[in-house]
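A short worksheet on the structure shown next.
If you read the sequence from its start, that first residue is 1, and numbering goes on from there.
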Amino acid sequence: MHSRLGNRSRPGIVAIGLLIGIASSCAAADEPGDHDALDVRLTHKTMTMRVGYPAVVLPGDAFPSVELVSRARDAGTLDGEVVREDDGVAVKRVAAQELRPGQKATLAFEGKAGPGRYRLTLQFVTGDRPVFRDAYYFSVLDPAGLPEGYSLVAHPGKDGRLVYTPDYRGNRIPDFSTVGYLGGDKEIPDVPVKVTLAPEPGDATARIQRAIDQVSALAPDKEGFRGAVLLKKGVYEVGTLKIKASGVVVRGEGPGKDRRVPLLDPAAGLSRDAFLRALADPTGTVLVTGRLPFSVAGAGGVSVRKEPAAEVLDSYVPVGAVTFSVRNPGDFRAGDKVLIQRRGNEAWVNAIGMDRIPGKKPWPPRDTGFERVVTAVAGDRLTVNAPIVTAIEKRWGGGSVSRYDDPGRISRVGVENLRMIQYCAADAKVGLGNVRGAAVTFANVTDAWVRDAVAEHFYDNGAIVLGAQTRNITVRDSSILLADEKYTEGYVPRYGFKVGEGGRATLHLVENCYALNCRHAFYVDHQVTGPNVFHNSTGEKDLTNSEPHHLWSSGGLYDNVNGSVALMNRLTYGSGHGWAAANYVAWNTRGRLICERPPTAQNWAIGHVGFRLQGPFHDWRPPKDEAYDGGGHGHWDLYRNPVRIGVEASDHEFTNVPEGTLDDHPYGYWMTDRRNAWIQYDLRRPQKVSALKMSFPTFSPYVDAKKRDQPPPERDRVYLFDIAVSDDGKTWRTVHKDGKGAAGGHDVLRTYEFPEVEARYVRVVAKGSDVGKTGREGSTVFHLSRVRVLPEPRFDPVKAVPEVKPASLFRQQVKERAPR
């Protein structure tokens, strides 16, 4: 998309003078000085200078200028240059200039900026020691000139390769291509079989474990593999199987005909023996099990070497960067495993508002670790194998780099081609409230996989868990199948594919996977740092959202994920979850999406089709904190609402949003706990209206185990409401008064008629229900499942919005990655 500058003459002159002030017409950065050796501020008449927003200069406009003041204790020398990143040519240079302590200066670059991407670097040296090094970024392009279906943030260039448009600090969408098994360098292999087992009656745990141990004792081949244990087609009763050595794979002969359909129905009430008899002739390998059929774990994780850490020299290392400077880099070599620590001090906690969470303890200072491998060393510059996904900033404490060892980890292990079923039957009182367990857990593991596997009825904080101290695991072509919503009463976690478990987990890939009836289908735990990727996967009948869950998880990608995704502030949830997502990307997602911008970072929404929602704390602001911005939605390039009717409500409870009444989600509904609350529908223009079809949800017949003696009257509620219409959204007239809607379930639509009128807006006014949770008459609670306006509204034809290009960000990045 960018053409290179044609003028290759000597760089233009830079004027340096005393700082007089900032013209009111200039746009300025949204951040204060970083209390470094220099305070630096970029200014430009039109360029946006906010973290997470592309820094764009129109062709022919002036270059940005720089205003700075020296905070160093000693005099020093300032130099720098403006480099066109497309070809590495320095187009402007800053002549070496002495700056005294407290001196202010302006750097104004003559000439006009030609198309391209630019980096402005500054260095300040006192004596022979660099005390300040920083870079600022801008792109010269006309956003209006991008072809339809292209995002300004990341789009194909003329050569087909992605062009990224960073913000003024260099933050950009990260490269996610190094996730998964061996960083994507090799395909998952078919490991040779060393031991084969056939099904036999009775408990097979000891027999399979002996086979695993037998293979574990073999010498590894040149690729590090010892061999596979093959479980022939049939049914195996097992407890927990443990893989504790590298190079071991457990393989079945397939998970059955359809990995999206469960074999066990808890409502059937079959005894364990009866269920086993029903599985007498399975089409694949089936493990009927308890809470944890597979534990894959090494003996230990990362152990940082006892040597001085190298401090990061750069004042700012942006999101997406793979190179940075360190002080005293002499000990580092290509191939070193390093832990990069990004510090987050009290000032950072204050800047993101997490010291003022209502009713919860404030976050303490919070460091973030990135596990990386050094790929090159040049002078004081280190290059690592995967990008930084939360900016390292000196004003928040800077960062450091330490080498580490991990001899206790195991690698090149896999679980594949089988189905795991936790036997369960619905309890007469609590449903499945007593069922827990994960199917496969990884801890202290690198370069591993799960593929072509199905996990049924594992109701816990993750059915397939890429847990503590794990790196580069692929989960592919696999499913997690849970029972439907009637078993949700009581605390049944229902988490699906989980990245992280109370510790570091990074560079993981979940691809071509399916989750049914999950609470959090594709889920990331607290403080997990990416890159991590969920690609081409579906959450069907989501109970809530796929999401990073709490405490500043950073650097994830939801790419072509169909379901409900939330990148948001979870503020007071749990222990004070606060900002859960930072520097996440939702790319060509489908369904429901919440995407909010955290202070000091960004979340990007590119190409979403479906409903765009606000999080439950979207409007929260810490008092007297004007810099806080929790309401930004990133970049909703080519967002499309397929229903076309607009919907809003006076309020909603939890994740039960008004859009739930339109999108045909089987568990979707709007909920309020306020009498005379309302939900209204915008038909876009005045149209004839004569009725509403509405359905009201029923709830589980099961109750929490701690409340066994309480009846569940919600199943038999009658909801009370009025219907009103309006031409302008301000003046309303009631057309259906004292309506009554019996709870009947999502698909039981009843018609509520009124004399035909012409109106643009239709409103349902909630007046509560006839009975509350305790069985007492009268309640303010109101639930509404589905609403259809009759006659069906007509809309002006509109041009279809194309999918953003490339269709898959992740696959495009993998395609572009240079061979290594």
Side-chain angles (χ1 to χ4, degrees), residues 181-182 186-259 263 276 279-290 292-298 410-423 438-442 445 447-456 458 463-464 473-480 512-513:
Y181 174 71
L182 290 180
K186 292 184 179 181
E187 290 297 320
I188 296 172
D190 291 320
V191 177
V193 174
K194 300 297 182 179
V195 177
T196 299
L197 299 178
E200 296 178 1
D203 190 339
T205 308
R207 192 162 58 97
I208 298 173
Q209 188 63 57
R210 282 195 299 270
I212 293 172
D213 294 343
Q214 180 182 341
V215 173
S216 299
L218 299 176
D221 63 19
K222 63 180 182 179
E223 297 295 329
F225 292 104
R226 304 175 195 272
V229 175
L230 176 63
L231 304 179
K232 299 288 287 184
K233 183 179 71 173
V235 178
Y236 301 78
E237 293 186 73
V238 299
T240 297
L241 302 170
K242 297 180 179 181
I243 300 176
K244 298 184 288 185
S246 295
V248 177
V249 175
V250 175
R251 179 184 304 144
E253 290 191 321
K257 290 182 179 179
D258 192 337
R259 64 180 178 88
L263 298 182
L276 289 171
L279 287 176
D281 188 25
T283 58
T285 299
V286 178
L287 277 59
V288 178
T289 179
L292 179 58
F294 286 101
S295 170
V296 185
I410 62 173
S411 65
R412 290 168 169 79
V413 290
V415 175
E416 59 188 25
N417 303 103
L418 47 76
R419 183 180 296 245
M420 300 155 283
I421 303 175
Q422 180 173 206
Y423 167 76
V440 185
T441 64
F442 292 89
V445 177
D447 298 305
W449 68 86
V450 175
R451 64 173 170 178
D452 198 23
V454 173
E456 288 189 35
F458 293 90
I464 296 178
I473 299 175
T474 292
V475 182
R476 181 174 289 150
D477 301 321
S478 296
S479 299
I480 292 169
N512 303 334
C513 288

Nearest 0.5 Å, please: how far is [atom2] in [Y] from [atom1] in [X]?
X	Y	atom1	atom2	answer
Arg251	Thr196	CZ	OG1	9.5 Å
Lys242	Thr441	NZ	OG1	10.0 Å
Ser479	Arg419	OG	CZ	8.0 Å
Asp203	Thr289	CG	OG1	9.5 Å
Met420	Ile464	CE	CD1	5.5 Å
Thr474	Ile188	OG1	CD1	5.0 Å

Specify the closest pair of heavy atoms between [X] and [Y], including all atoms of both residues, with the distance to one decimal.
X	Y	answer
Thr285	Lys232	OG1-O, 3.5 Å
Arg259	Ser478	NH1-O, 3.1 Å
Leu197	Ala211	CD1-CB, 3.9 Å
Arg412	Tyr181	CG-OH, 3.9 Å
Leu292	Thr240	O-OG1, 2.7 Å
Ala438	Pro293	O-CD, 3.3 Å

I'd like to check [X] versus [Y] (side-chain heavy atoms, cut-off strictly below 4.5 Å). Are they in contact?
X	Y	answer
Val235	Pro199	no
Leu230	Glu253	yes
Tyr236	Arg207	yes
Asp452	Glu416	no
Val229	Gln214	no
Val296	Ile410	yes
Val450	Phe294	no

Review point. Is a side-chain donor or acceptor of Thr283 paired with a backbone partner of Lys257 at a separation under 3.5 angstrom?
Key: yes

Check your understanding: Are the side chain of Ser246 and the backbone N or O of Ser411 linked by a donor-acceptor pair below 3.5 Å?
Key -> yes

Practice item. Could you give me the CA-CA distance, side-chain angles and deciding distance for Val440 and Phe458, then say whether side-chain contact (heavy atoms from CB on, under 4.5 Å) is met? Key: CA-CA 10 Å; Val440 185; Phe458 293 90; over 6 Å; no

**Study point:** Derivation of the side-chain contact (heavy atoms from CB on, under 4.5 Å) call for Arg476 and Trp449
**Key:** CA-CA 8 Å; Arg476 181 174 289 150; Trp449 68 86; over 6 Å; no

Practice item. Could you walk me through whether Asp190 and Arg451 pass salt bridge (Lys or Arg N to Asp or Glu O under 4.0 Å), step by step? Key: CA-CA 11 Å; Asp190 291 320; Arg451 64 173 170 178; 2.8 Å; yes

**Study point:** Stepwise side-chain contact (heavy atoms from CB on, under 4.5 Å) check, Thr205 with Leu241
**Key:** CA-CA 7 Å; Thr205 308; Leu241 302 170; 4.1 Å; yes

Point to revise | Val195 vs Arg210, side-chain contact (heavy atoms from CB on, under 4.5 Å): CA-CA, chis, key distance, verdict | key: CA-CA 10 Å; Val195 177; Arg210 282 195 299 270; over 6 Å; no

Check your understanding: Knowing that exactly one of Val238, Leu263, Leu276 qualifies, which makes a side-chain contact (heavy atoms from CB on, under 4.5 Å) with Val288?
Key -> Leu276

